[in-house]
S.K.: 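Okay, handing you the structure first.
Numbering of ligands and ligand atoms starts at 1, following listing order. All values below were derived from every heavy atom in this structure, side-chain atoms included, with hydrogens, water molecules and symmetry-related copies excluded.
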Amino acid sequence: MADVSKIRSFATAAQYTENFIIKSQIDKYLPGGKHFIDEDFINRTIAEASSREVDPVKIREIIAKSESTCETLLPEETAALMQVTDKDLFEEMRAAADRIKHKVYDNRIVMFAPLYMSNLCVNGCKYCGFREGNLEQRRRVLTMDELKEEVDVLAGRIGHKRLIAVYGEHPSTSTEYIAETIETCYNRQVASPRTGAKVGIRRVNVNAAPLPVEDLKVLRSVGIGTFQVFQETYNRKLYEEMHPAWSVKGNYDWRVTAFHRCLEAGVDDVGLGVLYGLCDWRFELLATIMHARDLERWFNIGPHTLSFPRLEPASGTRVPEESPWLIDDDTFARILVIARLSVPYTGMIVTARESPQSRNRVINHGMTQLDCSSNIAIKGYSDFAKESYQDKERQQFMLGDNRSIDEWVRYLAQRGIITSFCTAGYRCGRTGGCIMDALKTGREGKFCKINAVLTFREWLDDFASDETKALGEKVIAAELQEIERWLPKFYPTVLKQYEATCRGERDLFF
Ligand code: SAM
Ligand code: SF4
């Protein structure tokens with residue numbers, strides 16, 4: 001394990017901040033001081049929408065536009081959707097959100113797992129268990145050997161193929177460290193417990209602090225998947241309250257321009273999110289849309305994913321219990337539907353922060369990805385025999401949904417949904433601008449279906465319990481029939497790859 005006391009002495013937060021933030025890389029994206037998050041405009045748009053009666057005809061027009069074009073809605077359209085409280089009209093919105101999800105992403109949910117690399121942090125975010133000065137945390141940074149043990153459990157025991165690697169912000173988890181951890185994850189191969197097939201991690205997404213362009217190019221060179229940075233809140237005043245001015249994270253503009261730098265550096269899958277519960281959800285959602293629109297304006301690429309983290313209890317803080325802006329499950333479900341209609345092409349992630357009831361409920365609200373068998377304690381996967389065990393002293397916050405991957409796959413199969421472990425899009429270069437069009441027209445969804453079948457077959461053979469396997473096979477049979485109906489000429493090629501996978505070949509994809 002890294003020597004934490006040494007690391008702490010080599011940079012204070014202030015020194016780190018001073019050396020890290022490059023002002024010119026902020027100013028470039030705020031030309032003339034004009035900010036793409038215009039708080040007055042956002043507040044005015046919400047106020048105007050709430051001063052008008054909901055017009056069902058207008059709402060249906062907005063739904064139809066979203067569904068037919070798959071283009072990002074205008075702010076006033078999103079604001080109009082936010083006013084809908086009528087149950088039946090909302091149900092029309094939800095059903096459309098589900099149809100759009102099927103058009104763009106087909107009948108699948110993609111699985112991933114979080115992997116926390118470190119809980120050292122120079123920042124002081126008031127809601128977070130990792131913040132500097134929280135003496136209730138036991139600090140550590142994974143060494144590469146420890147990381148290999150974590151990957152062995154994730155890839156070899158659970159069967160994950162896709163990770164979100166998570167880091168505190170600290171000199172000990174520099175860009176070089178992040179790059180080394182990504183490479184270590186990709187290079188590790190283990191034998192699956194049932195078939196002995198070689199299995200490993202095929203996509204490493206990253207959730208880390210904003211980086212300068214040069215550092216992002218380094219991450220690109222080692223094959224980073226999506227780069228996620230959650231804005232936490234777009235409300236500048238609340239942001240400053242939550243993130244002390246002495247910290248790197250205290251710089252709102254450095255954070256909010258993080259994705260502009262990513263796209264400039266060629267890291268073209270970016271994942272936006274806010275921490276719901278810090279501010280009025282309407283403001284946050286509309287600001288997210290403004291953010292997405294600005295990325296589209298500059299780069300013609302929007303968010304690859306939107307995440308919907310909600311404040312959860314964490315060690316040494318009462319903010320998650322006491323914030324005046326906490327949202328209930330009904331509101332959470334509404335947010336997802338409005339987000340799906342507003343940014344129809346984007347992937348939508350709902351994490352294990354949510355309770356099982358909340359996640360079960362929103363499966364058909366437009367979401368596309370979830371994590372399972374998750375353990376977010378540092379070195380939690382290899383230390384605990386049961387993934388669901390939680391240790392508040394070495395994790396950022398507490399998880400709500402501890403279900404295992406086998407339970408989740410079975411549950412989805414019972415609902416007729418296929419679990420996908422596909423990582424092909426990114427490995428075939430279908431990222432950023434190349435994938436936007438394919439998503440909007442529903443073309444990518446067809447590749448997704450085929451790759452979902454192949455990777456699901458792998459997982460069922462390599463990891464599933466007998467009961468889950470039997471249910472999963474029914475889903476595969478239905479999906480294969482649909483592929484044959486859609487793509488009759490191509491079907492024999494698909495079938496050949498499917499049969500090869502059944503015989504034990506691995507990592508076949510289109
Ligand atoms: N340290 C980096 C940063 O803050 O950008 C990387 C991300 S941090 C490890 C992961 C995310 O967890 C944060 O962006 C925040 O949205 C979320 N988070 C922090 N405290 C939380 C809490 N109490 N409940 C739920 N999510 C929380
Ligand atoms: Fe550090 Fe991120 Fe936690 Fe803030 S949210 S204290 S930056 S780990």
Side-chain angles (χ1 to χ4, degrees), residues 13 16-17 20-21 114-134 136-137 139-142 164-175 177-178 181 205-211 226-234 238-239 241-244 246-252 254-259 262 270-279 284 288 306-323 325-327 332 349-355 358 371 374 376-378 390 392 394-401:
Y16 187 66
T17 307
F20 201 69
I21 292 177
L115 172 50
Y116 274 68
M117 303 289 182
S118 157
N119 57 354
L120 268 80
C121 194
V122 294
N123 291 312
C125 314
K126 291 190 180 154
Y127 44 80
C128 176
F130 288 177
R131 77 193 175 285
E132 161 82 52
N134 178 15
E136 291 181 24
Q137 279 284 308
R139 311 278 173 170
R140 64 192 298 166
V141 184
L142 291 186
I164 178 82
V166 189
Y167 308 77
E169 183 163 19
H170 195 271
S172 62
T173 50
S174 61
T175 301
Y177 175 85
I178 297 177
T181 53
N205 300 326
V206 166
N207 186 319
L211 292 173
T226 308
F227 193 87
Q228 282 186 353
V229 177
F230 300 156
Q231 183 57 31
E232 322 300 12
T233 173
Y234 285 95
L238 284 172
Y239 186 93
E241 271 171 32
M242 287 294 142
H243 308 99
W246 53 259
S247 65
V248 199
K249 195 155 162 183
N251 190 321
Y252 177 103
W254 178 244
R255 197 165 183 88
V256 86
T257 50
F259 298 126
C262 282
V270 295
L272 279 63
V274 289
L275 187 49
Y276 283 95
L278 290 176
C279 176
E284 302 290 33
T288 307
L306 294 180
S307 293
F308 300 86
R310 255 205 278 190
L311 270 177
E312 297 299 332
S315 77
T317 171
R318 295 288 301 160
V319 172
E321 286 82 7
E322 292 172 359
S323 168
W325 297 107
L326 299 177
I327 53 169
F332 186 72
I349 302 175
V350 179
T351 69
R353 289 174 179 84
E354 292 300 307
S355 67
S358 170
D371 58 320
S374 301
I376 59 169
I378 312 294
Q390 301 199 57
K392 204 173 183 184
R394 49 172 158 152
Q395 68 189 55
Q396 198 183 11
F397 49 83
M398 301 308 281
L399 292 180
D401 186 353

S.K.: Side chain of N205, backbone of T226: donor and acceptor closer than 3.5 Å?
M.R.: yes
S.K.: Applying side-chain contact (heavy atoms from CB on, under 4.5 Å) between R131 and each of T317, N119, N123, report the one that passes.
M.R.: T317
S.K.: Heavy-atom contact check, 4.0 Å cutoff: does V229 meet ligand 1?
M.R.: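 Checking ligand 1 against V229, which is what was asked, there is no heavy-atom contact under 4.0 Å.
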S.K.: Short list, please: which atoms of ligand 1 are under 4.0 Å from a heavy atom of N207?
M.R.: 6 (C), 7 (C), 10 (C)
S.K.: Which protein heavy atom lies closest to atom 2 (Fe) of ligand 2, and at what distance to 0.1 Å?
M.R.: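 The closest one turns out to be K249 NZ, 3.9 Å.
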S.K.: What distance do M398 atom CE and Q390 atom CD have between them, rounded to the nearest 0.5 Å?
M.R.: 4.0 Å
S.K.: Between A208 and V229, what is the shortest heavy-atom contact and its length?
M.R.: O-CG2, 3.5 Å
S.K.: Is there a donor-acceptor pair under 3.5 Å between the side chain of R139 and the backbone N or O of L120?
M.R.: no
S.K.: Run the numbers for me: atoms of ligand 1, each under 4.0 Å from some heavy atom of V166, listed by number.
M.R.: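 Answer for ligand 1: 9 (C).
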S.K.: If you count the atoms of ligand 1 from 1 in the order shown, which ones are under 4.0 Å from a heavy atom of F397?
M.R.: 21 (C), 22 (C), 23 (N), 24 (N), 25 (C), 26 (N), 27 (C)
S.K.: At a 4.0 Å threshold, what atoms of ligand 2 neighbour a non-hydrogen atom of F130?
M.R.: 3 (Fe), 8 (S)
S.K.: Can you check which of E312, M117, H243, E321 brings a heavy atom nearest to atom 22 (C) of ligand 1?
M.R.: E312
S.K.: To the nearest 0.5 Å, what is the distance between CZ on F308 and OG1 on T351?
M.R.: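 If I round to the nearest 0.5 Å, the distance is 11.0 Å.
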S.K.: Quick one: look up the protein heavy atom nearest atom 20 (N) of ligand 1 and list residue, atom name and how far away it is.
M.R.: Y127 CD1, 3.3 Å
S.K.: Out of Y167, Y276, F130, Y116, indicate the one that has the non-hydrogen atom closest to atom 2 (C) of ligand 1.
M.R.: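 It is Y167 that holds the nearest heavy atom.
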S.K.: Which residue holds the protein heavy atom closest to atom 8 (S) of ligand 1, what is that atom called, and what is the gap in Å?
M.R.: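 Protein heavy atom with the smallest distance to atom 8 (S) of ligand 1: Q396 NE2, 3.2 Å.
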S.K.: At their closest point, which heavy atom of S374 faces which heavy atom of D371, and how far apart are they?
M.R.: OG-OD2, 2.8 Å
S.K.: Identify, for atom 3 (Fe) of ligand 2, the protein heavy atom at the shortest distance, and state residue, atom and that distance.
M.R.: C128 SG, 2.3 Å
S.K.: To the nearest 0.1 Å, how far is atom 7 (S) of ligand 2 from its closest protein heavy atom, and which atom is that?
M.R.: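 The protein heavy atom lying closest is N123 ND2, 3.3 Å.
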S.K.: Check N134 against G129 and note the closest heavy-atom contact, atom names and distance.
M.R.: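 Shortest heavy-atom contact: ND2-O, 2.8 Å.
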S.K.: How far is atom 4 (Fe) of ligand 2 from its nearest protein heavy atom, and which residue and atom name does that atom have?
M.R.: C125 SG, 2.2 Å
S.K.: Examine distances only and state if a side-chain atom of S323 and a backbone atom of G277 form a donor-acceptor pair shorter than 3.5 Å.
M.R.: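 A pair under 3.5 Å: yes.
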S.K.: Would you call Q228 a ligand 1 contact, heavy-atom distance under 4.0 Å?
M.R.: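 Flag not set, Q228 not near ligand 1.
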S.K.: Determine the minimum heavy-atom distance between H170 and V122, stating which atoms define it.
M.R.: CD2-CG1, 3.7 Å
S.K.: Quick test: of every protein heavy atom, which one is nearest to atom 4 (O) of ligand 1, and how far off is it to 0.1 Å?
M.R.: K249 NZ, 2.7 Å
S.K.: Which heavy atom of Y234 sits nearest a heavy atom of E284, and at what distance?
M.R.: N-OE1, 3.0 Å
S.K.: Should one rank R255, M398, E232 by closest heavy-atom distance to atom 3 (C) of ligand 1, which comes out on top?
M.R.: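 Checking each option, the heavy atom nearest atom 3 (C) of ligand 1 is found in R255.
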S.K.: Would you call the rings of F397 and Y116 parallel, tilted or perpendicular, where under 30° means parallel and over 60° means perpendicular?
M.R.: perpendicular
S.K.: Y177 and L142: which non-hydrogen atoms are nearest, and at how many Å?
M.R.: OH-O, 2.8 Å
S.K.: Quick one: does ligand 1 sit under 4.0 Å from the side chain of A208, the backbone, both or neither, non-hydrogen atoms only?
M.R.: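 Backbone only; the side chain of A208 stays clear of ligand 1.
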S.K.: Within ligand 2, which atoms have a heavy atom of R131 less than 4.0 Å away?
M.R.: 6 (S)
S.K.: May I ask you to list the atoms of ligand 1 that are less than 4.0 angstrom from any heavy atom of R310?
M.R.: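 Within the 4.0 Å cut-off of R310, ligand 1 contributes 24 (N), 25 (C).
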S.K.: Of all the non-hydrogen atoms in the protein, which one sits nearest to atom 26 (N) of ligand 1, and at what distance?
M.R.: R353 NE, 3.0 Å
S.K.: May I ask whether Q396 places a heavy atom under 4.0 Å from ligand 2?
M.R.: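 In this structure, Q396 qualifies as a contact of ligand 2 - some heavy atom is under 4.0 Å.
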S.K.: Please state which protein non-hydrogen atom is closest to atom 1 (Fe) of ligand 2 and give its distance, to 0.1 Å?
M.R.: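 Sorting protein heavy atoms by distance from atom 1 (Fe) of ligand 2 puts C121 SG, 2.2 Å first.
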